[in-house]
Amino acid sequence: EVQLVESGGGLVKPGGSLRLSCAASGFTFSNAWMSWVRQAPGKGLEWVGRIKSKTDGGTTDYAAPVKGRFTISRDDSKNTLYLQMNSLKTEDTAVYYCTTGSPSYIAVAGNAFDIWGQGTMVTVSS
Amino acid sequence: QAVVTQEPSLTVSPGGTVTLTCGSSTGAVTSGHYPYWFQQKPGQAPRTLIYDTSNKHSWTPARFSGSLLGGKAALTLSGAQPEDEAEYYCLLSYSGAHVVFGGGTKLTVL
């Protein structure tokens, strides 16, 4: 069964840091392009960023609100995706989801969002 | 950054048909935007219904279909069920990593 499980959320003060993890199973993680999407309380979905597979360069892209503060990385030996969040702001409060899709579809479309984790809540508050 | 627009809310009667749309501030939505549609119920993660304009996953109920309609992406629900009451989001891709979600449509089945 294809599965994504996020962890690492919690309460952090403004200016603080937090690292989220996303454990993948049921598919070849090393071939997958992985994305993070967040959802503030009562609001819509917002793309945070993505990381390509190492085969495709392993490069990262970020949404403007988080660029320079958030870093996405991966450990293919552990089938795990990470989101390092620094200089956190109150507006970063959200549920954070990891998501991915078929590599063959990504090769055509550039992105895929077919499998989602259950999310982990991050609250930035003093 | 492009803005993706959806109807804030729609209501459909049980057994009825409703079409949700997804527009782009940059112009007509095309297959090149690789439209996605997601369903999200309260307290749950999004679930992907449609990808690449009109393709369904194995878990997508047959009553949902995707298309391009009048310069927008469209999600049509034919034969609405009470369990279809949810928030629906579309997503459009713009040149590689640049993807934008719509603001969501709250669908009420009443």
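Values reported hereafter were calculated over all heavy atoms of this structure, with side chains retained and with hydrogens, waters and symmetry mates removed. By convention in this document, chain letters (A, B, ...) are assigned in the order of the sequence lines, proteins followed by strands, and residues within each chain are numbered from 1. Here the structure is a predicted model, which is why all the values come from computation and not from measurement.
A/G117 and B/A45 get closest at one heavy-atom pair: O-CB, 3.2 Å.
Here side-chain hydrogen bond (donor to acceptor under 3.5 Å, both in side chains) pairs that include residues 116-126 of chain A, with residues two or more places apart or in two chains, are A/W116-B/T48.
Summarising the geometry, atom CG belonging to A/L45 is positioned 5.5 Å from atom CD belonging to B/Q40; distances are rounded to the nearest 0.5 Å. To the nearest 0.5 Å, the span separating CZ on B/R47 from CG on A/D114 amounts to 13.0 Å. The CD atom of A/Q39 sits 9.5 Å away from atom CZ of B/F101, with the distance rounded to the nearest 0.5 Å.
Contacts between B/L49 and chain A at a heavy-atom distance below 4.5 Å are absent for every atom of the residue. Only the backbone of A/K43 comes within contact range of chain B, with at least one heavy atom under 4.5 Å from a heavy atom of that chain. For a residue to count as touching a neighbouring chain, one of its non-hydrogen atoms must lie under 4.5 Å from one of that chain's; by this rule B/Q44 touches chain A with the backbone only. The parts of A/A112 that come within reach of chain B are both its backbone and its side chain, each placing non-hydrogen atoms under 4.5 angstrom from that chain.
In the hydrophobic clustering of this structure, A/W47 does not group with B/Y88; members are Ile, Leu, Val, Met, Phe, Trp, Tyr whose side-chain heavy atoms approach within less than 4.5 Å, directly or through other members. Connection of A/I72 to A/L88 is established within a shared hydrophobic cluster, with ILVMFWY side chains joined at heavy-atom distances below 4.5 Å, either directly or through further cluster members. Hydrophobic clustering of Ile, Leu, Val, Met, Phe, Trp and Tyr side chains at less than 4.5 Å, counting indirect connections, keeps B/W37 apart from B/Y94. Linking ILVMFWY residues whenever their side-chain heavy atoms come closer than 4.5 Å, directly or via other members, leaves A/F70 and A/V95 in distinct clusters.
Side-chain atoms of B/Y51 do not come within 3.5 Å of backbone N or O of A/F113 as any donor-acceptor pair. The backbone N or O of A/V108 lies less than 3.5 Å from a partner atom in the side chain of B/Y34, making a donor-acceptor pair.
Within 6.0 Å of the NZ atom in A/K54, the count of heavy atoms belonging to other residues, nucleotides or ligands exceeds 12. The number of heavy-atom neighbours closer than 6.0 Å to CG of B/L110, taken from other residues, nucleotides and ligands shown, is 12 or below. The environment of B/K41 atom NZ is dense: over 12 non-hydrogen atoms of other residues, nucleotides or ligands sit within 6.0 angstrom.
Using modelled atom types and a 3.5 Å distance limit, the side chains of B/N55 and A/Y105 yield no donor-acceptor pair.
In this structure the side chain of B/Y36 never reaches within 4.5 angstrom of the side chain of A/N111, judged on heavy atoms.
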